[in-house]
Amino acid sequence: MAENGHSIEERVELSLLYDFYGALLKDNQRRMFEASILDDYNLSEIAEDENITRQGVHDAIKRACKQLRGYEEKLGLVAKFEKQKELVKKLHVILKEMNTDDGELKEVFSIIDEILDEE
């Protein structure tokens with residue numbers, strides 16, 4: 001685990017939450033969150049950049065993480081996105097099993113591939 005105490009799995013989760021809800025954080029929280037979670041700076045480096053204590057950085061990041069999780073709990077956009085992605089994958093498998101050379105079906109595959117590539 002990194003100095004900030006977040007495992008790789010937590011970092012992935014928080015990064016996804018940040019993609020959806022990061023704009024809702026205060027500017028200073030966004031900067032510190034990005035530096036810690038996305039750019040892997042340690043608390044001391046961030047504290048120096050922000051001119052605050054390591055504890056202040058830790059508290060701001062912890063608050064940001066709590067807010068991001070709270071937004072997801074209330075809005076559920078990430079869960080909805082993940083569910084839609086799984087449904088598109090299932091649709092892709094079903095259509096592949098149909099194994100037809102129909103031109104329209106090729107266009108459907110192209111659209112599905114484009115959707116799945118935007119992960």
Side-chain angles (χ1 to χ4, degrees):
M1 263 191 235
E3 178 187 349
N4 62 17
H6 296 286
S7 68
I8 297 295
E9 293 81 12
E10 284 178 303
R11 284 174 175 272
V12 169
E13 173 208 3
L14 290 168
S15 294
L16 189 55
L17 290 172
Y18 183 79
D19 286 345
F20 279 83
Y21 307 113
L24 301 174
L25 297 175
K26 294 178 185 175
D27 287 341
N28 66 327
Q29 284 180 309
R30 210 170 26 248
R31 279 193 316 272
M32 288 186 264
F33 181 91
E34 286 178 6
S36 175
I37 304 299
L38 305 180
D39 299 332
D40 204 28
Y41 284 89
N42 66 42
L43 298 179
S44 298
E45 292 169 320
I46 300 167
E48 187 176 321
D49 287 346
E50 295 290 329
N51 264 343
I52 62 173
T53 64
R54 288 177 76 248
Q55 185 63 45
V57 171
H58 178 269
D59 292 346
I61 294 168
K62 188 174 180 179
R63 253 189 322 276
C65 293
K66 184 177 180 181
Q67 282 181 275
L68 292 172
R69 287 180 173 127
Y71 293 139
E72 175 59 16
E73 194 174 300
K74 290 176 184 157
L75 302 172
L77 297 177
V78 174
K80 185 175 181 179
F81 169 76
E82 293 291 341
K83 182 175 179 158
Q84 288 174 341
K85 190 169 69 172
E86 285 305 309
L87 290 172
V88 170
K89 285 179 182 179
K90 286 181 183 179
L91 181 60
H92 188 269
V93 169
I94 291 168
L95 290 171
K96 266 242 194 285
E97 289 174 355
M98 292 174 75
N99 200 17
T100 180
D101 287 334
D102 187 354
E104 288 178 351
L105 196 54
K106 286 182 181 179
E107 186 177 346
V108 171
F109 278 125
S110 176
I111 293 168
I112 290 173
D113 289 340
E114 189 174 332
I115 291 169
L116 292 175
D117 284 343
E118 292 181 0
E119 299 177 309

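Tyr71 is listed as a side-chain neighbour of Leu24, based on a closest heavy-atom distance under 4.5 Å. Looking at Asp59 and Arg63, their side chains come closer than 4.5 Å, going by heavy atoms from C-beta outward. The closest side-chain heavy-atom distance from Val57 to Ser36 is not below 4.5 Å. Between Met32 and Asn28, the closest side-chain pair of non-hydrogen atoms falls below 4.5 Å. Between Leu75 and Tyr21, some side-chain heavy-atom pair lies under the 4.5 Å cut-off. Side-chain contact between Ile61 and Leu43: present, with at least one pair of heavy atoms (C-beta onward) separated by less than 4.5 Å.
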### Task
Before giving the answer on side chain to side chain contact (heavy atoms under 4.5 Å, CB included), spell out for His92 and Asp113 the whole-Å C-alpha distance, their side-chain angles and the decisive distance to 0.1 Å.
CA-CA 8 Å; His92 188 269; Asp113 289 340; 3.2 Å; yes
### Message
For a side chain to side chain contact (heavy atoms under 4.5 Å, CB included) check, start with the C-alpha distance between Asp40 and Arg11, then their side-chain angles and the critical distance, and finish with the verdict.
### Response
CA-CA 10 Å; Asp40 204 28; Arg11 284 174 175 272; 3.0 Å; yes
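Across Gln84, Lys83, Glu82, a single residue satisfies side-chain contact (heavy atoms from CB on, under 4.5 Å) together with Lys80, and that is Gln84.
Residues passing the side-chain hydrogen bond (donor to acceptor under 3.5 Å, both in side chains) test with Glu45: none are found, sequence neighbours excluded.
Interatomic distance, Ile46 CD1 to Arg31 CZ, rounded to the nearest 0.5 Å: 11.0 Å. Atoms OH and CG, from Tyr18 and Leu38 in turn, are 6.5 Å apart once rounded to the nearest 0.5 Å. In this structure, the separation between CZ on Phe33 and CG on Leu25 is 7.5 Å, given to the nearest 0.5 Å.
Across all non-hydrogen atoms, the minimal contact from Gln29 to Ala60 is NE2-O, 3.9 Å.
The pair Arg69-Glu72 does not count as a salt bridge, with every side-chain nitrogen at least 4.0 angstrom from each carboxylate oxygen.
Sorted by first and then second residue, the salt bridge (Lys or Arg N to Asp or Glu O under 4.0 Å) pairs with a member in residues 18-27 read Asp27-Arg30; sequence neighbours excluded.
Without hydrogens or angle criteria, Asp39 side chain to Tyr41 main chain gives no donor-acceptor distance under 3.5 Å.
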